[in-house]
A.B. asks: 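Quick one: structure below, then a few questions.
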Amino acid sequence: MTLQLVQVNLKARDDVVLGAFWAEALGWGLDSERPGVTNLEPVGFTWPDPSAVCVDLVRVPDPESVRYRVHIELATASEAHRAELVARLEKLGATLVGTGRDGATVMADPEGNVFGVLEPRALHRDTGPIATVVVDCADARAMVRFWGEAIGWTVHELTDERALLRAAQGVGPYLEFRRTPDDEVVWTRLHLDVRPGPIVDQAKEVARLEGLGATRADVGQGDASWVVLADPEGNEFCVLARR
């Protein structure tokens, strides 16, 4: 594997306050690499461990203008755990939105970012608190072809309606591509970040992704160390510099 899905990147009005919410929600540790960026990861986590997809919160002046098609869904171990988690999230500042078409309890964090709390499923018994990172799309089969090649994850389910990928080691959350009509897409402020391995060249990986169908994207990043690309359906993601 030359690229790893390392994190979801969440644009925030206040990364510190929102980071504190998500750290409590996930039971993860909280750190900061620089002002305006809050990093969340499991306690004791060391990259490139594939057992978690971490969360980076980045402060931006106008997060309401950001439009992505990615959201996360949280795992539960039982119906009692689900009810307790929903109640705890409300106390932390989340609000109830409704019920998703897959039966998830749909909630919004204190800045309005929508996420799901799933009913207990055997599929998610060992994923950690984040069960699934969901990308709404028009063609699940085409998306899994691109992303499966991009990050080397294994296909666990593939239909016209959805595709599931997971790290080849069989750990961590699933990456789900869910066919969603345009009028049902819930726009969020989350996008995916991938990173080359320790001995892999970023430029070569960017060229490989372009060969798979990705295109360059300009979001005003200037001469940043990361490269912004868009997948075949136009979803922007970042290729970070290797560590």
Side-chain angles (χ1 to χ4, degrees), residues 1 3-10 15 18-33 38-57 70-92 94 100 102-109 113-135 144 147-148 151-157 162-178 188 190-195 197 237 240 243:
M1 178 181 62
L3 277 178
Q4 182 171 335
L5 174 58
V6 289
Q7 62 199 28
V8 292
N9 183 301
L10 172 56
D15 63 291
L18 193 59
F21 166 84
W22 279 107
E24 288 289 336
L26 300 173
W28 285 4
L30 183 153
D31 201 355
S32 178
E33 62 190 69
T38 296
N39 315 108
L40 305 180
E41 58 188 32
V43 176
F45 180 86
T46 302
W47 188 83
D49 184 349
S51 65
V53 172
C54 300
V55 180
D56 258 24
L57 297 98
V70 179
H71 69 272
I72 63 174
E73 294 182 329
L74 305 184
T76 60
S78 66
E79 284 297 343
H81 177 220
R82 185 185 190 186
E84 181 276 331
L85 178 58
V86 168
R88 184 167 65 84
L89 292 168
E90 287 186 291
K91 288 182 179 179
L92 291 172
D102 61 348
T105 300
V106 181
M107 307 189 76
D109 71 17
N113 302 293
V114 172
F115 63 97
V117 180
L118 298 176
E119 77 279 7
R121 299 177 184 176
L123 184 69
H124 302 141
R125 66 185 182 276
D126 60 352
T127 60
I130 298 177
T132 312
V133 179
V134 179
V135 182
V144 81
W147 281 98
I151 60 177
W153 280 22
T154 302
V155 178
H156 282 259
E157 181 179 329
R162 74 170 191 167
L164 285 178
L165 296 174
R166 199 182 193 193
Q169 297 88 340
V171 296
Y174 290 85
L175 179 61
E176 177 176 344
F177 299 98
R178 186 178 297 168
T188 69
L190 287 83
H191 72 258
L192 306 179
D193 284 346
V194 298
R195 175 179 281 133
F237 64 99
L240 306 179
R243 287 186 175 178

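Everything quoted here is computed from the prediction, not taken from an experiment.
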A.B. asks: Between Arg121 and Glu73, is there a salt bridge with N-O shorter than 4.0 Å?
C.D. replies: no

A.B. asks: Heavy atoms, side chains only, cut-off 4.5 Å: are Leu92 and Asp109 in contact?
C.D. replies: no

A.B. asks: Evaluate the criterion side-chain contact (heavy atoms from CB on, under 4.5 Å) for residue pair Val55 and Trp28; output intermediate values, then yes/no.
C.D. replies: CA-CA 10 Å; Val55 180; Trp28 285 4; 4.1 Å; yes

A.B. asks: Are any of the side-chain heavy atoms of Val135 and Trp147 separated by less than 4.5 Å?
C.D. replies: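 With C-beta onward as the side chain, the pair stays apart.
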
A.B. asks: Would Val6 and Val194 satisfy side-chain contact (heavy atoms from CB on, under 4.5 Å), going step by step from the backbone distance to the final call?
C.D. replies: CA-CA 5 Å; Val6 289; Val194 298; 5.8 Å; no

A.B. asks: Could you walk me through whether Leu118 and Asp102 pass the side-chain contact (heavy atoms from CB on, under 4.5 Å) test, one step at a time?
C.D. replies: CA-CA 9 Å; Leu118 298 176; Asp102 61 348; 4.0 Å; yes

A.B. asks: Looking at every non-hydrogen atom in both residues, tell me the closest pair between Ile130 and Leu26 and how far apart they are.
C.D. replies: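 Taking every non-hydrogen atom into account, CG1-CD2, 3.9 Å.
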
A.B. asks: Show the nearest heavy-atom pair for residues Ala131 and His124, with the distance to one decimal.
C.D. replies: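 That would be CB-CG, 3.6 Å.
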
A.B. asks: What I'd like to find out is whether the side chain of Glu33 reaches to under 4.5 Å of the side chain of Asp56, using heavy atoms alone.
C.D. replies: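 Side-chain contact under 4.5 Å: yes.
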
A.B. asks: Would you say Val70 and Phe237 make side-chain contact, with heavy atoms under 4.5 Å?
C.D. replies: no

A.B. asks: Do Leu240 and Gln7 have side chains that approach each other closer than 4.5 Å (heavy atoms only, starting at C-beta)?
C.D. replies: yes

A.B. asks: For the residue pair Leu192 and Val8, establish whether any side-chain heavy-atom pair is separated by less than 4.5 Å.
C.D. replies: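 Leu192 vs Val8: side chains touch.
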
A.B. asks: Look up atom OG1 in Thr76 and atom CZ in Arg125, then write down how far apart they are to the nearest 0.5 Å.
C.D. replies: 14.0 Å

A.B. asks: Would you name the heavy atoms of Ala108 and Phe115 that are closest together and state the gap between them?
C.D. replies: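 Heavy-atom minimum between the residues: C-CE2, 3.7 Å.
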
A.B. asks: Check Ala167 against Pro50 and note the closest heavy-atom contact, atom names and distance.
C.D. replies: CB-CB, 4.2 Å

A.B. asks: At their closest point, which heavy atom of Leu89 faces which heavy atom of Ala25, and how far apart are they?
C.D. replies: CD2-CB, 3.5 Å

A.B. asks: Which atoms form the tightest heavy-atom contact between Leu175 and Trp153, and what is the distance?
C.D. replies: CB-CZ3, 3.7 Å

A.B. asks: To the nearest 0.5 Å, how far apart are CG in Leu30 and CD in Glu24?
C.D. replies: 9.5 Å

A.B. asks: Rounded at 0.5 Å granularity, tell me how far CZ in Arg166 sits from OG1 in Thr154.
C.D. replies: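 It comes to 10.0 Å.
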
A.B. asks: Taking the side chain as every heavy atom from C-beta outward, state whether Glu41 and Trp47 have any pair of such atoms under 4.5 Å apart.
C.D. replies: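 No; the side chains remain at least 4.5 Å from each other.
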
A.B. asks: Is any side-chain heavy atom of His71 closer than 4.5 Å to a side-chain heavy atom of Arg178?
C.D. replies: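 They are in contact (side-chain heavy atoms under 4.5 Å apart), so the answer is yes.
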
A.B. asks: When rounded to the nearest 0.5 angstrom, what is the spacing between CG in Asp15 and OG1 in Thr38?
C.D. replies: 3.5 Å

A.B. asks: Take Ile72 and Val53, measure what side-chain contact (heavy atoms from CB on, under 4.5 Å) needs, and give me the verdict at the end.
C.D. replies: CA-CA 11 Å; Ile72 63 174; Val53 172; over 6 Å; no

A.B. asks: If you measure from CG on Leu5 to SG on Cys54, what distance do you get to the nearest 0.5 Å?
C.D. replies: 9.5 Å

A.B. asks: Hey, could you give me the CZ/NE2 distance between Arg88 and His81, rounded to the nearest 0.5 Å?
C.D. replies: 7.0 Å

